[in-house]
Peer 1: 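My questions will all concern the structure given below.
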Amino acid sequence: MALRLFDSLSRELRELQPSLPDGIYRFYNCGPTVYAPAHIGNFRTFVVNDVIRRLLELAFGATRVRHVRNLTDVDDKTIRRAREENRTLADVTQQWTAKFHADCDALNCLRPHAEPTATGHITEQVDMIDTLMQKGNAYRAADGSVYFKVTSFAQYGTLSRVKERELQIGSALSGKSAAADADEKEDVSDFALWKAYKAEDGANGWESPWGRGRPGWHIECSAMSKKHLGPTIDLHTGGVDLLFPHHENEIAQSECCNGTPFSRHWYHSEHLLVDGKKMSKSLGNLYTLDDLIAKGVTPMALRYALLTGHPRKQLNFTLDSLHAAEKALTTLRHYRANLPISGGDARALAAFFTMLEDDLNTPGALGALFTLVNRGVSDRGVDVAAFDRAMFALGLKLDGPAAPPAATPAAITALAVQRWAAKQAKDFAAADALRKEIAAAGWTMLDRKDGYSLEPAKK
RNA sequence: GGCGCGGUAGCCAAGUGGUAAGGCCGAGGUCUGCAAAACCUCUAUGCGUCGGUUCAAUUCCGACCCGCGCCUCCA
């Protein structure tokens, strides 16, 4: 199985292969900033990365993949949140880390093998900055902050083609630079490795050779990927918005510090749009997992919906897509229930896996899957084991009810008992009247041969 | 302004130089007293517009129109 992914650096499809003799594939995925619940756009990226993780496990074996995803637990936003809520930084970030984990679990994302935090790796970051200072790639400004000197790294901008943008950087910044850059940078493109302590940082400062302060954002990924995966990693991923400046800056820091290539492969997933626009609070189109659960949506339906678009294409999310997802999952669940346990042919799902291995074509894979489903369970080839392998790849969990059971009010139960009795007595007029009454109360009575069940009416 | 991505049926969305996967919705049917579920069947002569290349273009090239993203800390 040859897994190929688009590489943002070379801009071509490239096969994934471990580079070191130990055969371990080193995969680093930029994680969340833990100051608020993640939104479904964030989860698109994490679900896509989870599929990559799963395909890597299928390709190389579960023990031959090392997946690291960081938690950004110190930055402007986390500090501001702690200050606003009059809590410690750790208190705030632990709360949102726990929430992030719970959401990821609900979405059936495999836990990374390591989830390093920025505050847990201050020493590693300081060491790296120190090396950059010694090598002349960084300088300490008058305010005590340390900046990376972009002009010291000739290849700066290769990933994001920043050189092509250079002519316009001045004008793009002209509007806001005056206010934003009250600091002491030598060049507007230079970025902070270490940020000097300010009063609003409160208790959140660490000692360093350059004085009290805190690490800049980019350096954490360079330091933590190096510690947990080594100086050269096999794959580095994130959302497209991280391509510049975050990933560009990581490359500069890491390669100048280590003297070796930083990542052999870069992959960026596209944004989820809602109502045709990027999600934002001001547009009122930002959803969290809990927002959707409150609407009766299951996490698996969200996961499915997030996989219906090609990961490298913007996906316009709609609430309708969740209904479609829920129905599709029901079909898959039913199909699986009627599948033979064994005796199938592993090649039956070849088309499905070919789609996934070809640059993670999840919508194409789902299409291939349903083509199979439409041929029926009697079609030779697919058995439960083969089907479950496909479900594993996509991370779709089909067990459990489609919707969480809701407590039935006693009044509704009483009506149902009456109606069932009327039906048994073949008093269909009364039975129909009671069905209407139950429906009017917002419930649906489902008859079976030997009994019935009640569930909340679908909106 | 620069860089990048996209415009395929009512909605979502794959794909290919040789005549359009799949999901949802909708329609019809089987089954069920009814309803629901499940299952079966059907649903784009068309792929933003205009040119060009070609025996053949939705697929390649050019122009144009429209939408979206990024351009210093947003997945």
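No hydrogens, no waters, no symmetry mates; every other heavy atom, side chains included, goes into these values. All chains are named by letter (A, B, ...) in the order of the sequence lines, taking the proteins before the strands, and each is independently numbered beginning at 1.
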Peer 1: What's A/N361 touching, base or sugar-phosphate or nothing? Going by heavy atoms closer than 4.0 Å.
Peer 2: sugar-phosphate

Peer 1: Under 3.5 Å, is there an N or O donor on one side and an acceptor on the other linking the side chain of A/D432 and the base of B/G33?
Peer 2: yes

Peer 1: Taking only the C1' atom of each, what is the distance from B/A20 to B/G15 in whole angstrom?
Peer 2: 8 Å

Peer 1: Heavy atoms only, 4.0 Å cut-off, all strands: where does A/L272 land among base, sugar-phosphate and nothing?
Peer 2: base

Peer 1: If you take any heavy atom closer than 4.0 Å to RNA chain B, which residues from residues 35-45 of chain A end up in contact?
Peer 2: A/H39, A/G41, A/N42, A/T45

Peer 1: Scan every strand shown for a Watson-Crick or G-U wobble partner of B/U59, both distances under 3.5 Å, and answer none if you come up empty.
Peer 2: none

Peer 1: Considering every strand shown, what is the Watson-Crick or G-U wobble mate of B/G6 when both distances are under 3.5 Å?
Peer 2: B/C66

Peer 1: Tell me the closest heavy-atom pair linking A/D73 and A/T93, and the distance in Å.
Peer 2: O-CG2, 3.5 Å

Peer 1: Partner of B/U16 by Watson-Crick or G-U wobble geometry, both contacts under 3.5 Å, or none?
Peer 2: none

Peer 1: Could you work out, with ring pair (Phe, Tyr, Trp, His ring centres under 6.0 Å) as the rule, every residue matching A/F46, not counting sequence neighbours?
Peer 2: A/F100

Peer 1: Please report, rounded to the nearest Å, how far the C1' atom of B/G4 is from the NZ atom of A/K313.
Peer 2: 15 Å

Peer 1: Expressed as a whole number of angstroms, how long is the span from A/R312:CZ to B/C70:C1'?
Peer 2: 16 Å

Peer 1: For B/U53, give the paired nucleotide (Watson-Crick: N1-N3 plus N6-O4 or O6-N4; G-U: N1-O2 and O6-N3; both under 3.5 Å), or none.
Peer 2: none

Peer 1: Among all residues two or more places apart in sequence or in another chain, which pass the side-chain hydrogen bond (donor to acceptor under 3.5 Å, both in side chains) test with A/S263?
Peer 2: none

Peer 1: For a quick check of understanding: with a heavy-atom distance under 4.0 Å over all strands, which category does A/R11 fall into, base, sugar-phosphate or nothing?
Peer 2: nothing

Peer 1: Can you name the one residue among A/H67, A/H113, A/H236 that meets ring pair (Phe, Tyr, Trp, His ring centres under 6.0 Å) with A/Y28?
Peer 2: A/H236

Peer 1: Provide the Watson-Crick or G-U wobble partner of B/C39, both distances under 3.5 Å; none if there is no partner.
Peer 2: B/G29

Peer 1: Is any N or O donor-acceptor pair between the side chain of A/H334 and the base of B/A38 shorter than 3.5 Å?
Peer 2: no

Peer 1: Taking side-chain hydrogen bond (donor to acceptor under 3.5 Å, both in side chains) as the definition, give me every residue that meets it alongside A/S269, ordered by chain and number, with sequence neighbours left out.
Peer 2: A/T45

Peer 1: Suppose the criterion is salt bridge (charged side-chain N to carboxylate O under 4.0 Å, His left out): which pairs have a residue in residues 97-118 of chain A, not counting sequence neighbours?
Peer 2: A/R69-A/E115, A/K99-A/D103, A/K99-A/D290, A/D105-A/R111

Peer 1: Not counting sequence neighbours, which residues clear salt bridge (Lys or Arg N to Asp or Glu O under 4.0 Å) with A/D359? List them please.
Peer 2: A/R312

Peer 1: Got a sec, which residues hit salt bridge (Lys or Arg N to Asp or Glu O under 4.0 Å) with A/D291, two or more places apart in sequence or on another chain?
Peer 2: none

Peer 1: Not counting sequence neighbours, which residues clear salt bridge (Lys or Arg N to Asp or Glu O under 4.0 Å) with A/R53? List them please.
Peer 2: A/E57

Peer 1: Quantified in whole Å, what is the C1' atom distance between nucleotide B/C24 and nucleotide B/A13?
Peer 2: 11 Å

Peer 1: Does A/K423 place a side-chain N or O at less than 4.0 Å from the phosphate oxygens OP1/OP2 of B/A35?
Peer 2: no

Peer 1: Please evaluate the base of B/C34 for a donor-acceptor partner in the side chain of A/R435 within a cut-off of under 3.5 Å?
Peer 2: yes

Peer 1: Any strand counts, and the cut-off is 3.5 Å on both contacts for Watson-Crick or G-U wobble. Which nucleotide pairs with B/C34?
Peer 2: none

Peer 1: Considering only the C1' atoms, how many Å lie between B/C5 and B/G48, rounded to the nearest integer?
Peer 2: 16 Å

Peer 1: State the pairing partner of B/A44; accept Watson-Crick or G-U wobble contacts with both distances under 3.5 Å, and report none otherwise.
Peer 2: none

Peer 1: Could you go over nucleotides 18-24 of chain B and give all protein N or O partners under 3.5 Å, atom names and distances?
Peer 2:
from, atom 1, to, atom 2, distance (Å)
B/A21, O2', A/T371, OG1, 3.3
B/A21, N1, A/P363, O, 3.4
B/G23, OP1, A/N374, OD1, 3.4
B/G23, OP1, A/N374, ND2, 3.0

